[in-house]
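Below, chain A is the first sequence line, B the second, and so on; all start at residue 1. The structure displayed is predicted, hence computed values, not measured ones.
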Amino acid sequence: MSALYTESVASLRRKLAAKEITAVDVADQLLARIEQADGKLNAYNFKPDAAKVRAAAQAADLSKPLGGVPIAIKDVINVQGDPCTCSSKILQGYTAPYDATVIKKLREAGAVLVGRTNMDEFAMGSSTENSSWGVTRNPWDTDRIPGGSSGGSAAVVGGHEAFAALGSDTGGSIRQPAALCGCVGLKPTYGRVSRYGLVAFASSLDQIGPFTKTVEDAALLMEVISGHDPKDNTSVNRPVPKYTDALKQDLRGMKLGVPKEYFISGIDPEVEAATKAAIEHFAKQGAEIVDISLPHTEYACAVYYIIAPAEASANLARFEGVRYGNRVKNPKDILDLYRSTREQGFGPEVKRRIILGTYVLSSGYYDAYYNRAQKVRQLIKRDFEQAFTKCDAILTPTSPTAAFKVGEKTSDPLQMYLADIFTIAVNLAGVCGISIPCGFTKSKLPIGLQIIGAQWGEENVLRAAHGYEQTTEWHKEVPQI
Amino acid sequence: MASPDIDVRYVADLARLNLSDAEAATFQKQLSDILGYVAQLEKVDVSSVAAFSGPVVNNLRPDVLGESLPVEVALSNAPQQENNLIVVPKMIE
Amino acid sequence: MAEYEAVIGLEVHVQLKTNTKMFCSCKNEFGGAPNSHVCPVCLGMPGVLPTPNEEAIIKTILTGEMLECQIAPRCKFDRKNYFYPDMPKNYQISQYDEPLCANGAVTLNLLAFPKDVQNDPKVAFDKKIRLERIHLEEDVAKSFHYETASGIDFNRAGTPLMEIVSKADIATPEEAFAYLTALKQILIYGGVSDADMEKGQMRCDVNVSIRPKGQKEYGTKVEIKNLNSISAVRKSLHYEILRQTADVEAGVPIIQQTRRWDDGRGETFMMRTKEKAHDYRYFPDPDLLPLNTEEGLHQTAKSRLPELPAAKKSRLVAAYAVTEYQASVLASEVALANYFEKAAATAKNKSAVANFLLNDYFATGGDIENIPVNPEFFSELSNLVEEGKINTKQAKEVFPKMVAENKAPSVLVKELGLSQITDTAALEALCDQAIAANPRSVADFKAGKTNAVNALKGQVMKLSKGQANPQVVGDILLKKLSA
Ligand SMILES: [Zn+2]
């Protein structure tokens, strides 16, 4: 049998339906691939339990939309009975007492859950270097980072250690690692996918989304995980379209915007060239390219690094060793229990952001930082609303550079933060975006193209992404591990 | 915008976080850099802009009883428990 | 020596009567085995999200309506950040700059004051105590303290809690007492809370300062905690005002502090001085979208507005011809007023029913919540008297049995053989007998002492073994004596 593990979800589904293969074959091949590759990538915090996965594959209902399809889960989403460490020492020993809503939906769709993927601690980072489980390696060059924070999910899909995975995206944490690992990553519109069960980093920005090998797979997963959830007050009650139908249309007649602000200094020439080539490719395929402006984009990073840490400082206050997780031994008193547990449990990036977030909310600074940032955020949102009166989707690079070397940026957090410069505004505005492969650097590192859609514009984004993918070959490349 | 003169010790205390002297010094420098960077927001005219907020939507929960956790599950993650209570060092009022 | 006046403000926390907690669907119930009403949400587990309880929001708006507040057009929740083991998320979901209800007032009334000052002419019984705000938040867990450790029960964590903040309009411990009594009465009227301080359903923190009369500036504020009853609030304020006055007169400055009331010893003790100001880092809770209250929620709350005590009192006077005083007492408790309206429904003399209920029933030591009597029996009993079937004295004999056995008065009258003699011929014979036996009284009457007829009436009643209709006897005697 040829390497089954390189198949897409859609192709697996066809072969399973035709009884060419069984779900157990799929599970076995994947388990073998993980054994072979994960020692090099360190992408799984918890590798799948072979017996459990085989049993689940055996029992899978193949008539369901994801029947028998193994899916990896970022270690930030609660799965009942499983650990959920968020790659933090502070959650060592925690066992989730409940299923996240997306996990319920995956189970109902017949998916087989396989393993928990590595990430930056509490999703804070762009390289998956901030993990208590060690760095995850890029499947295209193991000296390099996979991006982050969902670096594990990107690496398992890009490295074919999973057919698909779930990640979470707060400022680019799905799209940036997808770009760096050469796979597809979609950040849905805020409110499209329930956040219930996703350990919160920044509540007003977080969304769960899929990592897949193809755009069609992203559409398939979106059909399963989207929808209103009464358990998430910010999830929106709006019907879920059949996203795979959006793929039936080609690119002709689509209006695609190119914002001049996204092609400025700091962008790697190879990335810029690949993005411009992709834009031309769209034009050749019959899309209309229009110039647009997102004038407040330059402030997106500054806004983000006020709002996200502020929300995080409150979201992470619950980790103190009282009700679950690691508690420091023999604390002197309750204050010592808090302070020492958190000192020992959190890594430096998390501490840095908690302090930053606490500071911008503290007495006397709220208006200068948090309130002003929320106002500029409103302007960023308005920019997008105006842009989408002129176009159906927006084309930009996903990341200003391809994957960088492990350790290259760890000493300068601000430089690391700027790695998300093209993705952050999408979260601030609450719109959706996808990253798809659009080329390689000379040293064979993947480059990603970001396609941004309006609120609830997933169908346009998927259509554009699919139209591009079907007329290019980038997504067919497989890394040698 | 306020000066990026962040009192790391005071803020860490609010956040219930011990810091070593070395950590405090590193954070002091890094956070000052970051605050210096975000100070660019001063340039934006926000005088007539309302702060971003989610849409006004009445997603309300009807007052109907749902399931609670069995007590042994509820406490299964607790580092210390006794008589079905979660135990911590004595709290001062 | 300067005269001092007190300035008092109250912060009252009220547990709302709902089926479920504020942000999860666990049971909102007092008591229960420790940690038996908890779920991932109210335990603050990683990844959980709050879902707002519609009923709690409606009940808060209803409270605002009953207390004449302005209702905010939108409802927004904020996070109040501080670490404490009884607070699962280490932030409390509360309302900061946009409380659901603003302003409003509690109007005091005579009966809300302590009994011993109800006749004091110096007291302004109908004073209005203005409110600052009412907001909605989640309660914290309950802690038990042992020698070296504390244990936490999260059953109460996340239950809906309303905070009602008064302006510093309260001038005396008695006004504080009346404020809490009147507030409690209204909360019960609206079905918002049972507001029992002893059960912690209503909790009160007091702020009190003193200043020389006529001075504009406030004195230094002292907060009193551990107040478990309305009378404890009054007592603690008496104590604290005296203590502060003595300190000021002795030249000892008052420092801002929190004091604990010891009810057994009748004293307050210092708990802590205000070290540094809290830095709660409030910000809008991004997990909760703002709500529009203007249509659905506000309308629903308005549709539940009950008749309030003052309106009820006026209606009882108008519709039942009871006295002002009777109406005040009846309206002071909604359960009592409701019972009365049923009890008086078919009575010819409704004021008499009020008397039976307020005097005779409460004299038996019963309360209104557990009254065992079919309310219709009150009407029946008073009608028996009104129709002359039994006299008042006989009614008093029937009453305790009616209460004890929940038996119809007409049945009891028969069982006790109490029917009244109204047969004029029989009564005339008895009257003749009495006149013959008491020449002295007859002479007195004829000499102009009209009261003497009462002595004769008493004789007739005795001869009839109490069964004569006194009215008819009186008429016959007057007729015979004046003949
Ligand atoms: Zn609960």
Interchain contact, [X] with chain B, by part (heavy-atom threshold 4.5 Å):
X: C:Thr51; value: both
X: C:Ser36; value: backbone
X: C:Cys24; value: backbone
X: C:Ile57; value: side chain
X: C:Lys21; value: backbone
X: C:Pro52; value: both
X: C:Leu43; value: side chain
X: C:Pro286; value: neither

Pairing of C:Lys17 and C:Asp194 as salt bridge, 4.0 angstrom limit: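 The answer is yes: the pair qualifies as a salt bridge.
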Ion pair C:Asp78/C:Lys76, N-O distance below 4.0 Å: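 Counted as a salt bridge, because a side-chain N and a carboxylate O are separated by less than 4.0 Å.
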Check for a donor-acceptor pair, side chain of [X] on one end and backbone N or O of [Y] on the other, with a separation under 3.5 Å.
X: B:Gln81; Y: B:Leu75; answer: yes
X: C:Arg259; Y: C:Ile224; answer: no
X: C:Asp153; Y: C:Asn35; answer: yes

Using non-hydrogen atoms and a 4.5 Å limit, figure out which bit of B:Ala15 sits close to chain C: side chain, backbone, both or neither.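 Contact with chain C is through the backbone of B:Ala15 alone.
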B:Val64, part contacting chain C, at a heavy-atom distance under 4.5 Å: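 Contact with chain C: backbone only.
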Does a donor on one side chain and an acceptor on the other come within less than 3.5 Å for C:Thr20 and C:Asn53?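 The answer is yes; a qualifying pair exists.
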Side chains of C:Asn28 and C:Thr18, donor plus acceptor under 3.5 Å: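 Looking only at side-chain atoms, C:Thr18 and C:Asn28 do form a donor-acceptor pair, the distance falling under 3.5 Å.
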Can you tell me which of [options] forms the most heavy-atom pairs within a distance under 4.5 Å of chain C?
options: B:Ala51, B:Pro70, B:Pro55; value: B:Pro55
options: B:Arg61, B:Gln80, B:Lys90; value: B:Arg61
options: B:Leu85, B:Leu69, B:Asp63, B:Leu60; value: B:Asp63
options: B:Ile86, B:Val71, B:Asn84; value: B:Ile86
options: B:Ser68, B:Ser53, B:Gly66; value: B:Ser68

Option in C:Glu147, C:Lys225, C:Arg74 with maximal non-hydrogen atom pairs under 4.5 Å from chain B: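 Sorted descending by pairs with chain B, the first entry is C:Glu147.
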Could you have a look at C:Ala149, C:Ala33, C:Pro284, C:Ala56 and say which one has the most heavy-atom pairs with chain B under 4.5 angstrom?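 Highest number of heavy-atom pairs under 4.5 Å: C:Ala149.
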Around atom OH of B:Tyr37, are there more than 12 heavy atoms of other residues, nucleotides or ligands at under 6.0 Å?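 More than 12 heavy atoms, drawn from other residues, nucleotides or ligands, come within 6.0 Å of this atom.
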Starting from the C-alpha separation in whole Å, work towards a yes-or-no answer on ring-ring contact (aromatic ring centres under 6.0 Å, His included) for C:Phe77 and C:Tyr282. CA-CA 10 Å; C:Phe77 290 100; C:Tyr282 282 101; over 10 Å; no
Could you please spell out the steps behind the ring-ring contact (aromatic ring centres under 6.0 Å, His included) verdict for C:Tyr280 and C:Tyr82? CA-CA 6 Å; C:Tyr280 289 127; C:Tyr82 66 96; 5.6 Å; yes
The test is salt bridge (Lys or Arg N to Asp or Glu O under 4.0 Å); show your working for C:Lys89 and C:Glu138 and say whether it passes. CA-CA 11 Å; C:Lys89 302 181 293 296; C:Glu138 51 178 348; 2.7 Å; yes
